[in-house]
Amino acid sequence: MYSMIMSGAIHGITSYLVQVEVDISQGLPGFEMVGCLSSEVKEAKERVRVALKNAGYALPAKRITVNISPGDIRKGGTAYDLPVAVGILQGMDVIKSETTKKVLVIGELGLNGEVRPVTGVLPIVMEALKAGITCCILPKENEQEAAAVKGVDVYGMSHMEEVVRFFINPENPPVKKAFFDVQKLLTGSVKCEDFEDIQGQELIRRGAEIAASGFHHMLLIGPPGSGKTMIAKRMPSVLPLMSPEECLEVSTIYSVAGLLSEKQSLITTRPFLNPHHTITRQALVGGGYIPKPGAISLSHRGVLFLDELPEFRKEALEVLRQPLEDKEVQIARKGGTFTYPANCLLIGAMNPCPCGYYPDRNRCNCTDYDIRRYLHKISGPMLDRIDMILETKNVDIEKLSARNKGESSASMRKRIEGARQMQEERFKGTNLLFNSDMKSSDVLKYCHLGEEETMVMKQLFHTFGLSARAYHKIIKVARTIADLEGSKQIKKEHLLEASCFRKTSSHYFGEDKV
């Protein structure tokens, strides 16, 4: 007897639906699985056989053939256990075929019949919705993750017996339909360190506010203890709140990476990743036979903080050049090309020399060669992709000992949210979210310059010897500064302030790396 159950699989961060076909026929008893399967999928026949036995359903002494279609795509993971078991029970006439129509089934089985969680549930359920599937049966631990997708009835199962009872009597399911309130989570406050702890550093505060408003990459250079790490770790407290669409986008990445849990079934705050400088390039951008998302993708729509930037391996930093420009990572493997989103806010922090105290020659004993060698660990193409370079200086004792706190993150966020609203109105109907997302053609469309402003940019271009990328970055930063002031037009003072964030680059790295 033939039966067919719908299930799903992931290919990188994208998903596709699969058909689990089961045929039970007369012949020499056996259990075969085909369909370009990995070893863990082939092992499903033993897990399914024992799980069904312990649930009270022994396999018949017949020939059982399972095909997971499409057969030209290699399939891995353990999510096919449950659909294979349901297909066999349907072939044994325990479950009626009409009850499995427009139902998607995914889950791993334990030998005792327990239904165990799997990865990649969120993108699979989203794909099922597009295909017109109205019901999903999956592990209990994954139900909150799947319930974030509106339009699909989600039932979380803990044991094979519950699955059988559901299909025998779908009108009276053994478990309640999962419910998830996305808006309730979005209204929650972000719990992190506050900018009010920062004493002094007004220029850096201003730069951080601009970077958060337009999602502009930022590099902080200064001596040890000047507050670089403190400022970077407080950036999540001023970043705009995530929209529901952004939450699903980021949560999809975490679902594929297997980082969602029953307690955290949806990412509702902007990610903040701070990898150690010993990280490999594979861990940074993603790797493996079937690549998993790397740190730059896990920080999508959030912050990727690289502390002690020159201490990172040069090859690790260089692989970031293309993702920072294209906002995505493409990884080619034998099994195909995998594309992961990588639109993050990069914040780097570094000392100006090996000892950290240049240009204070009273404390710095580094030679000119040592300083150049240290700074040149950051290549010109990498610096060209950073929008803002700011210098942090040691704070005066008067400001450190003052009892008055600095401006709070809540106060800064009000201005940032205002700039964010202007960007939402400007980019309505497009796939752009922040000013940093603009390409060169978008800059011409959304960043009109008057005659005086055009002359200023010409002077800046020739004075600094700007590249075309740096030229557009200054205009995009100026557009964000204008948004913070509520100005629809980019003015001369906005361009001059934006250009100040390139002067630090020429001071430390030379005119050829502006």
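The chain is numbered in sequence order, starting from 1.
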Exercise. What residues, two or more places apart in sequence or in another chain, satisfy side-chain contact (heavy atoms from CB on, under 4.5 Å) together with Q322?
Worked result: D326
Exercise. Atom CD1 in I5, atom CG in L82: separation rounded to 0.5 Å?
Worked result: 9.5 Å
Exercise. Will you find, in the side chains of E318 and S379, an N or O donor that is under 3.5 Å from an N or O acceptor?
Worked result: yes
Exercise. What do you reckon, is NZ of K314 surrounded by more than 12 foreign heavy atoms closer than 6.0 Å?
Worked result: yes
Problem set entry | Residue pair M1 / G91: nearest heavy atoms and the distance that separates them | SD-O, 3.5 Å
Exercise. Taking atom CZ of R281 and atom CZ of F312, what is their separation to the nearest 0.5 Å?
Worked result: 15.5 Å
Exercise. Of all residues at least two apart in sequence or in a different chain, which pass the side-chain contact (heavy atoms from CB on, under 4.5 Å) check with H276?
Worked result: T278
Exercise. Closest heavy-atom contact between V118 and P139?
Worked result: N-CG, 4.5 Å
Exercise. How about V22 and Y2: do any of their side-chain heavy atoms sit closer than 4.5 Å?
Worked result: no
Exercise. Is any side-chain heavy atom of V105 closer than 4.5 Å to a side-chain heavy atom of S7?
Worked result: no
Problem set entry | Y254 side-chain N/O to L298 backbone N/O, donor-acceptor pair under 3.5 Å | yes
For this session: Measure the shortest side-chain to side-chain distance between I210 and S213 over non-hydrogen atoms and say whether it is less than 4.5 angstrom.
Result: no
Exercise. Less than 4.5 Å apart, any side-chain heavy atom of M350 and any of L220?
Worked result: no
For this session: Could you tell me whether the side chain of S297 and the main chain of A342 form a donor-acceptor pair under 3.5 Å?
Result: no
Exercise. To the nearest 0.5 Å, how far apart are CG in L219 and NZ in K228?
Worked result: 10.0 Å
Problem set entry | Pairs flagged by ring pair (Phe, Tyr, Trp, His ring centres under 6.0 Å) wherever residues 113-156 is involved - sequence neighbours left out | Y155-F166
Exercise. If we only count heavy atoms from C-beta on, is the L138 to V125 side-chain gap below 4.5 Å?
Worked result: yes
Exercise. Does E46 have any salt bridge (Lys or Arg N to Asp or Glu O under 4.0 Å) partners at least two apart in sequence or in another chain, and if so, which?
Worked result: R49
Exercise. Short question: side chain of K476, backbone of M438 - any donor-acceptor pair under 3.5 Å?
Worked result: yes
For this session: Sequence neighbours left out, what pairs pass salt bridge (Lys or Arg N to Asp or Glu O under 4.0 Å) with at least one residue falling in residues 108-127?
Result: E114-R116
Problem set entry | Within 6.0 angstrom of K439 NZ, more than 12 heavy atoms from elsewhere | yes
For this session: Evaluate the side chain to side chain donor-acceptor pair (under 3.5 Å) criterion for residues Q90 and T100: first the C-alpha distance (whole Å), next the side-chain angles of each, then the deciding distance (0.1 Å), finally the verdict.
Result: CA-CA 9 Å; Q90 184 176 325; T100 61; 3.1 Å; yes
Exercise. For K473 and D387, which heavy atoms make the closest approach, and how far apart are they?
Worked result: NZ-OD1, 3.4 Å
Exercise. Are the side chains of Y340 and V285 in touch, meaning some heavy atoms are under 4.5 Å apart?
Worked result: no
For this session: Could you walk me through whether T480 and N435 pass the side chain to side chain donor-acceptor pair (under 3.5 Å) test, one step at a time?
Result: CA-CA 7 Å; T480 300; N435 289 330; 2.9 Å; yes
For this session: Kindly indicate whether a cation-pi arrangement holds for K150 with F179, taking the cut-offs as under 6.0 Å to the six-membered ring centre and within 45° of the axis.
Result: yes
Problem set entry | Contacts of F215 that satisfy ring-ring contact (aromatic ring centres under 6.0 Å, His included) - sequence neighbours left out | F434
Problem set entry | Gap between atom CG of L383 and atom CD1 of I378 - 0.5 Å precision | 6.5 Å
Exercise. Has the side chain of Q423 got a donor or acceptor atom that lies under 3.5 Å from a matching backbone atom of A419?
Worked result: yes
Exercise. Side chains of S436 and H217: do they bring a donor and an acceptor to under 3.5 Å?
Worked result: no
Problem set entry | Pairs flagged by salt bridge (Lys or Arg N to Asp or Glu O under 4.0 Å) wherever residues 78-88 is involved - sequence neighbours left out | R47-D81
Exercise. When I10 is tested against each of T252, V121, L122, I124 for side-chain contact (heavy atoms from CB on, under 4.5 Å), which residue passes?
Worked result: I124
For this session: Establish, from distance only, whether the side-chain atoms of T229 and D307 form a donor-acceptor pair under 3.5 Å.
Result: yes
For this session: Report yes or no: does E32 contribute a side-chain atom to a donor-acceptor pair with the main-chain N or O of N67 at less than 3.5 Å?
Result: no
Problem set entry | Closest contact, heavy atoms only, L109 versus G113 | CD2-O, 4.1 Å
Problem set entry | For D483, salt bridge (Lys or Arg N to Asp or Glu O under 4.0 Å) partners two or more places apart | R426, R479
For this session: For residues L433 and F427, determine if any side-chain heavy atom of one lies less than 4.5 Å from a side-chain heavy atom of the other.
Result: no
For this session: Determine which pairs satisfy salt bridge (Lys or Arg N to Asp or Glu O under 4.0 Å) with at least one residue from residues 68-80, sequence neighbours left out, and list them in order.
Result: none
Exercise. If you measure from SG on C136 to CD1 on I106, what distance do you get to the nearest 0.5 Å?
Worked result: 6.5 Å
Exercise. If you look only at pairs with a residue in residues 233-250, which of them pass as a salt bridge (Lys or Arg N to Asp or Glu O under 4.0 Å), with sequence neighbours excluded?
Worked result: E193-R234, D197-R234, E246-R270, E249-R301
Exercise. Between K140 and E143, is there a side-chain N and carboxylate O pair less than 4.0 Å apart?
Worked result: yes
For this session: For D194, check salt bridge (Lys or Arg N to Asp or Glu O under 4.0 Å) against everything at least two apart and list the hits.
Result: none
For this session: Please lay out, stage by stage, how S255 and E145 fare under the test side chain to side chain donor-acceptor pair (under 3.5 Å).
Result: CA-CA 8 Å; S255 177; E145 175 185 347; 2.4 Å; yes
For this session: Could you tell me the separation between the CD1 atom of I95 and the CG atom of L89, rounded to the nearest 0.5 Å?
Result: 4.5 Å
Exercise. Can any side-chain N or O of H277 pair as donor or acceptor with the backbone N or O of E311 at less than 3.5 Å?
Worked result: no
Problem set entry | Heavy-atom check, side chain of I133 versus side chain of L17, under 4.5 Å | yes
Exercise. What pairs meet the side chain to side chain donor-acceptor pair (under 3.5 Å) rule with one or both residues in residues 161-177, with sequence neighbours excluded?
Worked result: D153-K177
